[in-house]
Amino acid sequence: MSSDRKDIKASPRLHMDLAEEIIGMYHLLELISESGSNGCVDKVVIAQDSLKRFINGMCPGSYASVTKVDFKALDLRTIKPLGVYGSKAEIVRFLRSLDAVNENIARLLLIQTEFGGSRPTLSSGLYMLEVGHPDSIQKCHYVIYWPEDSTWDDSAPSSVCRNRVTFMRYLTKICDQVVALLSEEFSASLVWGNEDSDSDSDSVDMDPGDDDSRLFTYEVEKRNEQEESAVLRPGFQINSRHISRYVAPAGCSVDPLAFIPSLIHGETAQGFWTASYVPPATQTNSLDDRSYTELSLKQLLNENALVLSDSLDENAVRILVDVALSSLFPKQCEEWRAVTRDTREQFRQELIGKQEIACKRLRCKEASLESAQHTKVGDFLRSIPNFGDIYRQYVGNAKFDVVKGANFKALKERLIFVRHLLKEHKELSPENRTELIQAILSDGDLRRAQQASLQSNKFEETGQGYVLSPIPDWRYSPMGPDEESLRKEMTKMTNAVSDSKFLQELKGIDDDDLAAPIHEALALAHTQLSSSIDRTVKNMTLAMLWAQEEGCKSSIRLEVEAKERKALSSVLVTFIRDINKSAVVWRNSVAYINNVRKRGRGSFPEYKVAGRRVEPVEPKLKFRIHLMDLTSDDKYNMQSNPKHVPHPVVSDRRSVPFHLPLGLHIVFHKLLANEKFLLVLADRDKHVIYLERLSEMDAAIQRAKPIKTLNRDKVGEDLLFAYDETKHTLAVCASAKVTLLPSLVVEVLTCYVIDKMQLHAFVFDETFKTLQGQGSVISLAPWYSQAGISIQQMSSVCGSDEVVLVNSNAQIRIFSFVTQQLRPASLQLTSLPSAVYPSPDGSCLIVVRSQDGQPSLTAFHWDTFGTNEGISLEIPTFRLEGAVVTSIVRRGCVFLLALDIDGQCVNSVAIDITKKVTEVVFQEKAYRNTSSSSARETQHNSLLDCHREVWTRFPVVPAVKRRTITSFSERQPKGLTFVSDDPTGQFALYFSDLIQEFVRTIRKPTGDELRGIKVSATDFKSFRETLSTLNRNVSQYRLGEWLVDLLCLIPIHIAVCRENRFIPLANGVISSDLERSLLGADVNQIVDKLSFGWYESIFQSYMAKMPVKVVSSMGQQSVGKSFSLNHLVDTSFAGSAMRTTEGVWMSVTPTDEELIVALDFEGVDTVERSTQEDTYLVLFNAAISNLVLFRNNFALGRDISGLFQSFQSSASVLDPAANPLSLSIYACHHHQGEYFTAAQNTASQDVLSRTFLIANARLLDFPPSFRRSWNKSKTANFISRLHGGKVDIIPWPVIESKEFYKLFTALKKRLDQQKVSHPSAGEFLHTIKTLMAKIKVNDWGAISQTMVRTSRQVIIRSPAKCAYDRVLGDRARA
């Protein structure tokens, strides 16, 4: 860990994040600010960089990235975390006692946080402090909750209170032992609750279940009629380090004024931009990432200078020539083809000639080759190519042991037969013997031989006579065999003896009577074999001669081909270099081509190109827009109190850049709602108009695809622009004179000579994709025909079809596009105003001018325009140059904003504008029916009450319990130690009463969880002295398990829906860079870029094999969907400062058997979301969930077809067979009593009766109208199509009642009955990413097919596949 620690004294400059300056401190959870549909909200995310340093310090190399953490290796380490929270002063005191900070850092920590300021700060969040004590071998770990400035104020804003509860939830879940550090001030302000227990005898202890506790009183307040007025009052101030003077680098020719930060005009949106200079450079893009069609490849070659690699082979060059080079460089290509053709013909002729000469030489050696075979097989024969194969072919298959010929075969048969008979009849007389031999060998007369054998004295008499049989088995038989049988037997005996064996045996016979036939047989065999050998030798000679010729030809061919390849390669390189020399001079961008391959056949082949494209990047101006956001609390307070002063924030995450070429300059801009930006640019010839989302503006400018182009020769010169956001109209005033004055000052463009002044009106369509002209061009000549009079400024009248025209005579008039006339009334000023601002609420015009050398601010109401001198306003204390007038939350809440560059801040004043109208306000009365009106107001009791807030908002004993960390852990009883200068306070008693009051009022199941907490109090000195002992009694965990338990507590934001788009998020945050990168991406590319942050490693490795069940919540807004999920599966949804859930959030609950993935969806059927956006959410929900919890705000007995419209829409898209899910719908009471509201002419008594029947599980009369809703859609209803026709209707009691919590156990049983739809966490991760990508690109095909394609792409891009392809390529080239 020492490598991560820093010497504070040695640090010449402090980090902006003071956590970097605190020894051993690591940021675990950070609080970031993001813009949502309800305003700027706080979100808790993992502090990735700091967590990486902590984990790698504990176990080096175990943290590669937020998606790759080796938790199994971390399980080999242990940790004993002690939780710490309290006042900032006492936490700093604790850090000082541990020597973790010095005096300077301690002082900075105690300075009030300045959001966006330039001073180092420590942001609110959870931190890990690692300390090594001298008397302890193992290091101690403290999990510290660093609060916001007002965290422990009981009157803190609701967003701060929610953040406090969220972090205390996390702290108490991951630490069994917690220490609360209370400063002297906080301790003294604690109210123990029993001082005035007897002071008010009339107070009533009201039961929370009573109806009076749910009674809210509202009134309509009528405001007095007021005259026209405009009054300034103090506004807000925003500090930002981005507001500073930019110093351009040397060599920059841009006017320094262009780099001055400037506020952006907007009626309802606010922000400022900063500018910087981007010097010229080069940009390199790989060409390997895509496939090219023939047309796109041709476009690539045509639009870039080419640098072809010398390593290109002929096939690649031919592809390039055929596609484009033949038309680009016809002369060079024709020369290359001709030289290549001639070279090939030259070497072909050379090959033929050399082969013929070699063959002639070999044929001359045929005789010597045959002689060599007759004599011996020596080195000469062995040198013949393939001699072994030839020898086996001709000699091995020659069968020299077989003698062919009928004479030899007949002689062989007779000799064998004779020898057999002579062997059997040795007693024959010489005469009979000679007679027998002669009869068989000479005549082949077997009967005669039989008669001769009768002379033998070995025979037996039979009835037929006595015959000698030549067959041993029936040697003596009465009649013997006939001649045919004897011949068959003789043939059989002959076939049993091979020719070679027969000839060998003949050499050993010494019989004069057989000498002649034996000699004859040997002679016949010799003749036959000699002929066979000669024939074999001749054939072998021809074969070996052919082999020699082929070998020689092959050798010559290889030699010639090598020379040919070398020559062709030289020709090819010469051609390539000629192309390179010719191409590089006529294009700025250069395409370096290393290889080209053609894939596929037919009319539409694909091409893969290896190489890169390098293009010069011209110098540009880089503008970065920094948006101002409000917290949801500010929005709420401004809606209820128009005089509330908000505190906008500027977040680095909400800054968006765009680039401008130096030839373009900005003449008009306006920031619109929903992060849209209207931008008008000008060059010498034209004006171009862009209207895009901020995240897409840069890409639109780079593509040079404006929504409209206005040519100077058609429209005119000296254009002025005015845009009205409510009417979507853009007014353009132009003259015929060519007078261009580049300036970044918006809405003010000075023109010196005006001849023809004209007005053009344009209007945007609803999608802001087209800008069409409205009506004909309007000439201003009837009113401005005097010489020397020109229009100096123009602005819109908000909410009307009128514009304000300020001419060079300091006269202000209003032109109506409806009547196409000027209003009769005009306003004549004494001097030309420096700026005019129409108020966003459409009530007046605010004019900034100089009077007697002093700036003045005057408001002129439209209703009395030109009839009075206006209302003079107090001049603000800040300068008004570059100021803007805007509205915040409501158009009636008007503010004047100005930049103070030297002070690095945005200053403002509020302008309260009234008209001649009577206003009414619907608001809650200031009093509530409370139990004790005389109770003392507390200041810092939240230091203790925060535990009750955690128990109230989150489950104490959930229905589905998380897997207990038991393996190799030493859990200690839970404890809470209060450290105070006055430890004699009633901490234990107060905490005990807190538990009892919670159990009595909230009625939530608690088991023994709360009663088992040991509460104690001590002073700081005793605490420090016993800290080592306290650390020894802290629960010990495996580090990997502990970290996973922490990470699974943090919900991650995975998707939002905006402007009819489904937008996946990466690592839980909204990123404009990610949005830009997903433009035009396909499903596979989106899947690759999606990341679920800290859950990736859990799904992919640590718990990859665990099955997954998905439970999700849907329904109306603000009915307790997140609250129900938390109490069902122990999640921490709604942990941000959002009033309601936005988009989709995910959390994981590990159990012993499976992973429970909980998805929390924002409410459907709300005014903030369109039907298409609701459909996206429903599609996502139905396609991934095992169990869907639908909560609504009223009885299902009414017509709910409107509410379920999004579900019905999704039913027409999803394949019903793919999602046989079960849907649980909860009819519930809402805590504000909406359940009891009657609708559709239904009497209140009927609703109450129906409610009673539901609560008592008597559902017989409940579903009639519910059934009617399904009968209308028949089998197309979403229950049948998306959920297999299964629906559970649970009549839920009032939320937060005792009966409310009891039903979670039954719901858990239903969840347990659900089949596992995702066998492993890794498979679930891939499935949900693929599903999100498909919804993003509106791909409604089967998800299984997409996953197969994605897996194929993963294999194709894998290192093993690439290596295999390279091996195949090397073999092909070899």
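Put simply, the side chain of Ile666 reaches to within 4.5 Å of the side chain of Leu660, judged on heavy atoms. Put simply, the side chain of Val804 reaches to within 4.5 Å of the side chain of Ile812, judged on heavy atoms. Put simply, the side chain of Pro838 does not reach to within 4.5 Å of the side chain of Val797, judged on heavy atoms. Residues Arg823 and Glu802 form a side-chain contact, since some pair of their non-hydrogen atoms from C-beta on lies under 4.5 Å apart. Side-chain contact between Ile689 and Leu730 is present, with heavy atoms from C-beta onward closer than 4.5 Å. With a 4.5 Å cut-off on side-chain heavy atoms, Gln820 and Phe815 count as touching. Contact annotation: the side chain of Gln811 never approaches that of Gln792 to less than 4.5 Å [non-hydrogen atoms, C-beta and beyond]. Between Phe623 and Ile264 the shortest side-chain heavy-atom distance does not fall below 4.5 Å.
For the atom pair CE (Met628) and CG (Leu671), the distance works out to 9.5 Å, reported to the nearest 0.5 Å. Note that the CG atom of Leu720 and the OG atom of Ser790 stand 9.0 Å from one another [nearest 0.5 Å]. To the nearest 0.5 angstrom, Leu664 atom CG is 8.0 Å from Ile701 atom CD1. Here CZ of Phe764 is found 4.5 Å from CG of Leu771. Values are rounded to the nearest 0.5 Å. Summarising the geometry, atom CZ belonging to Phe817 is positioned 8.5 Å from atom CG belonging to Asp801; distances are rounded to the nearest 0.5 Å. Interatomic distance, CG of Leu827 versus CG of Leu845, reported as 8.0 Å (0.5 Å rounding).
With 3.5 Å as the limit, one finds no donor-acceptor pair spanning the side chains of Thr274 and Arg624. A side-chain donor from one of Ser229 and Thr914 sits under 3.5 Å from a side-chain acceptor of the other. Residues Gln270 and Thr886 bring a donor and an acceptor atom of their side chains to less than 3.5 Å of each other. With no hydrogens or angles considered, no side-chain donor-acceptor pair links Ser856 and Gln854 at under 3.5 Å. Looking at Thr770 and Asp765, their side chains do bring a donor and an acceptor atom within 3.5 Å of each other.
The two atoms that bring Ser839 and Ile913 nearest to each other are CB-CD1, 4.0 Å, heavy atoms only. Contact record, His861 with Cys844: CA-CB, 3.6 Å, taken as the closest heavy-atom pair. The shortest non-hydrogen separation linking Phe272 to Ser240 is CZ-OG, 3.9 Å. Across all non-hydrogen atoms, the minimal contact from His659 to Gln702 is O-NE2, 3.3 Å. For the pair Pro876 and Leu857, the tightest heavy-atom approach, listed with the atom from each and the gap, is CD-CD2, 4.3 Å. Nearest heavy-atom pair across Pro642 and Arg890 is CG-NH2, 2.8 Å.
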**Report entry** Glu696/Arg1061 under salt bridge (charged side-chain N to carboxylate O under 4.0 Å, His left out): CA gap, chis, key distance, verdict
**Finding:** CA-CA 14 Å; Glu696 300 169 3; Arg1061 297 182 303 150; 3.7 Å; yes
**Report entry** side chain to side chain contact (heavy atoms under 4.5 Å, CB included) between Val667 and Leu719, worked out
**Finding:** CA-CA 8 Å; Val667 296; Leu719 272 64; over 6 Å; no
**Report entry** Worked verdict on Lys708 versus Val688 for side chain to side chain contact (heavy atoms under 4.5 Å, CB included)
**Finding:** CA-CA 6 Å; Lys708 196 77 172 178; Val688 290; over 6 Å; no
Report task. Might you work through the side chain to side chain contact (heavy atoms under 4.5 Å, CB included) test for Ile911 and Ile846, ending with a clear yes or no? Result -> CA-CA 10 Å; Ile911 307 177; Ile846 299 173; 3.6 Å; yes
Query raised in the report: Where do Val909 and Thr877 land on the side chain to side chain contact (heavy atoms under 4.5 Å, CB included) test, with the steps shown first?
Result: CA-CA 10 Å; Val909 290; Thr877 57; over 6 Å; no
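You'll find the ring centres of His647 and Phe236 outside the 6.0 Å limit. Between Phe677 and Tyr690, the distance separating the two ring centers is not shorter than 6.0 angstrom. Ring to ring, Phe768 and His728 are close: their centroids are under 6.0 angstrom apart.
A salt bridge is absent between Arg684 and Glu717; no separation between the charged side-chain nitrogens and carboxylate oxygens falls under 4.0 Å. Between Lys643 and Asp912 a salt bridge is recorded (basic side-chain N to carboxylate O distance below 4.0 Å). Salt-bridge formation is detected for the pair Lys670/Glu267: a Lys NZ or Arg NE/NH1/NH2 atom is positioned less than 4.0 Å from an Asp or Glu carboxylate oxygen. The pair Arg1058-Glu1142 counts as a salt bridge, with a side-chain nitrogen and a carboxylate oxygen less than 4.0 angstrom apart.
Of the possible donor and acceptor atoms, one in the side chain of Asp724 sits under 3.5 Å from a partner among the backbone N and O of Gly799. Looking only at distances, a side-chain donor or acceptor of Asp683 sits under 3.5 Å from a matching main-chain atom of Asp685. In this structure, Arg693 contributes its side chain and Lys676 its backbone to no donor-acceptor pair below 3.5 Å. Glu725 contributes a side-chain N or O that, together with a main-chain N or O of Ala673, makes up a donor-acceptor pair within less than 3.5 Å. Glu1173 contributes a side-chain N or O that, together with a main-chain N or O of Asn1060, makes up a donor-acceptor pair within less than 3.5 Å. Remark: the backbone N or O of Met757 is not paired with any side-chain donor or acceptor of Ser735 at under 3.5 angstrom. Looking at Tyr784, its side chain never comes within 3.5 Å of a backbone N or O of Asn807 through a donor-acceptor pair. Judged by distance alone, with hydrogens and angles left aside, the side-chain atoms of Ser816 form a donor-acceptor pair with the main-chain N or O of Val818 at under 3.5 Å.
The side-chain contact (heavy atoms from CB on, under 4.5 Å) test applied to Val889 returns Leu630, Lys635, Met638, Gln639, not counting sequence neighbours. Partners of Glu228 according to the side-chain hydrogen bond (donor to acceptor under 3.5 Å, both in side chains) rule, which considers only residues two or more places apart in sequence or in another chain, are Thr864. Not a single side-chain hydrogen bond (donor to acceptor under 3.5 Å, both in side chains) links Tyr723 to another residue, sequence neighbours left out.
Heavy-atom neighbours of Arg233 CZ from other residues, nucleotides or ligands within 6.0 Å: above the threshold of 12. Annotation for Glu874: atom CD does not count as buried by contact number, only 12 or fewer foreign heavy atoms lying within 6.0 Å.
Using cut-offs of 30° and 60° on the angle between ring planes, the pair Phe658 and Trp273 is perpendicular. Note on ring orientation: taking the six-membered ring where Trp is involved, the planes of Phe860 and Phe865 are perpendicular (angle over 60°, cut-offs 30° and 60°).
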